[in-house]
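Following: one structure in structure tokens, then a few remarks.
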Amino acid sequence: MSDALVLHDWTPDVRCYAVRLGLSLMGLPFATRAVDMDLAPGQRPAGLESGLCPPVLQAGRTRLSRPCTILLFAARQPGVAPTWLDPVQGWVVMDWLDFGATALDTLATLRTAAFGTTLPVLPGTVPLEALLRRMEDHMAARALAGEAWFAAPAPSIADVVLFVVFALSADLGVERDTCPALRRWARGLRRLPGFVVMPGVPDYA
Amino acid sequence: MERWHPVSVLSDLHRGEVAGVRIDGHEVVLWREDTDSATLHAWEDRCPHRGMRLSFGFVREGALGCLYHGWQFGGTARCRLIPAHPNVRVPAAIQVRTHMVREHAGLAWVGMEGAGAFPATMPVPWPVVQPVRSVHVSAGAGLLRHALGMHADVAMTWRGPVGLAVHAPVAGQAMLHVVRARDAQAPSPLVLSRWAERLRDGVEGGGDTTRIMGELA
Ligand code: FES
């Protein structure tokens with residue numbers, strides 16, 4: 001039996017959502033320690049040393065603080081279906097995971113800029129649109145090849161991260177009728193057992 | 001614009017699927033029944049209850065359900081169930097505005113208000129047509145039509161076994177819809193998808209796209 005997983009979680013953060021969604025889809029039980037990053041560091045509940053931002057996963061003595069690394073770690077846990085880190089397509093999964101890590105950071109930065117102000121001004125979404133376009137071109141080609149997921153015959157952790165990027169980009173006013181291949185793929189991911197929504201955000205995808 | 005708009009390849013509208021599209025700024029929801037008839041519908045993308053976009057909804061048992069409070073609209077566009085009041089007979093006045101819709105040449109065509117009957121004069125020069133892909137182009141539809149050598153009043157053009165159609169979701173934006181004859185001589189769907197990306201990039205870059213169009217010759 002492996003060590004119990006504890007996730008230091010900040011609910012509205014997109015990277016935390018990617019981790020919660022991934023752990024849930026992979027069927028891994030975990031305990032949550034809520035961290036409110038809006039509070040001053042001294043007022044936050046103990047457990048997360050200063051300088052660390054959620055998501056942080058604690059598993060015994062292992063402590064991980066990057067969402068995609070946490071998902072890689074989770075996909076290797078006993079009892080998790082090997083398809084989440086497909087052994088044959090592993091490198092392709094990692095490649096899209098790396099792309100997804102950058103995209104997730106871009107999304108998080110834009111969301112902070114958009115919602116961290118009282119002005120109803122949306123930041124330029126050009127960087128995000130460029131990322132979504134690459135994803136759309138890829139999934140259009142995958143669909144024509146009879147494939148339903150980004151990197152492997154079954155959903156992988158790369159799909160989890162990229163789903164969050166696509167689903168939450170709607171919040172920033174990025175239109176989705178221009179991404180038909182991503183729309184169909186995202187609907188497929190929503191139908192997977194263990195799917196969870198991001199609280200406070202409409203189920204756009 | 002009083003005419004029929006090609007808005008999506010049919011391969012993006014399988015049974016039970018919902019898609020939001022825009023046509024000259026108007027939001028339209030396309031959905032296909034999950035029933036044997038698999039009828040395709042095009043409605044205004046707004047729930048009569050609180051205005052939620054119906055394209056966020058789900059198709060179940062031949063009806064489109066709104067994501068917000070679950071009101072269900074059957075094929076006639078009338079509300080048939082309000083989940084919060086399951087025993088209330090729903091007033092007939094509660095219904096979604098509908099548009100005309102046709103499936104033709106591998107594409108879904110929507111007739112907005114004022115559009116006449118579906119033009120019988122839109123020939124398809126191939127016996128079996130296969131949808132390839134709808135591609136977003138961040139440039140005006142006029143620029144894209146120009147690159148394709150299309151007149152402003154033509155909705156679709158054929159380059160040998162490749163069919164190309166354009167619509168404008170909003171001003172300054174375009175969607176390019178690509179279909180192909182199911183024919184051994186036609187470029188493969190994947191080749192056409194990559195070609196459409198090159199054309200898109202060429203049109204957006206404002207350069208000369210003659211060479212890219214020439215690839216279809
Ligand atoms: S807004 Fe559609 S059911 Fe309430």
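Chain naming here is simple, since letters A, B, ... match the order of the sequence lines and numbering starts at 1 in each.
Looking at heavy atoms from C-beta onward, B:H14 lies in side-chain contact with A:R184 at the 4.5 angstrom threshold. At a threshold of 4.5 Å between non-hydrogen side-chain atoms, the residues B:M175 and A:D177 do not count as touching.
Between A:R190 and B:F58, the shortest heavy-atom distance links the atoms NE-CZ, 4.1 Å. A pairwise comparison of heavy atoms in A:D137 and B:R200 identifies OD2-NH2, 2.8 Å as the closest pair. Scanning all heavy atoms of the two residues, the minimum distance from A:P180 to B:S134 falls at CG-O, 3.8 Å. The two residues A:L144 and B:P189 come nearest to each other via the heavy atoms CD1-O, 3.6 Å. Nearest heavy-atom pair, B:H136 versus A:R133, reported as atom, atom and distance to 0.1 Å: O-NH2, 3.4 Å.
For B:R46, the CZ atom counts as loosely surrounded, since its 6.0 Å shell holds 12 or fewer non-hydrogen atoms of other residues, nucleotides or ligands. Residue B:R198 qualifies as enclosed at atom CZ: its count of foreign heavy atoms under 6.0 Å is above 12. Few gaps surround NE2 on A:H138; more than 12 heavy atoms of other groups in view lie less than 6.0 Å from it. Other residues, nucleotides and ligands contribute over 12 non-hydrogen atoms within 6.0 Å of the CZ atom of A:F73.
Between the B:R133 side chain and the A:A181 main chain, no donor and acceptor come within less than 3.5 Å of each other.
When B:A196, B:A19, B:P169, B:S193 are compared by the number of non-hydrogen pairs under 4.5 Å with chain A, B:A19 comes out ahead. Of the residues considered (B:E204, B:E27, B:R53, B:Q173), B:E204 shows the highest number of contacts with chain A, using heavy-atom pairs under 4.5 Å. Contact tally against chain A (heavy-atom pairs below 4.5 Å) for B:V135, B:V132, B:V9, B:V7: the top residue is B:V132.
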*side chain to side chain contact (heavy atoms under 4.5 Å, CB included) between B:R22 and A:E175, intermediate numbers included*: CA-CA 10 Å; B:R22 287 170 298 167; A:E175 285 295 339; 3.3 Å; yes
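Both the backbone and the side chain of A:E136 come within contact range of chain B, judged by heavy atoms closer than 4.5 Å. With a threshold of 4.5 angstrom between heavy atoms, B:S11 approaches chain A through N, CA, C or O but not through any side-chain atom.
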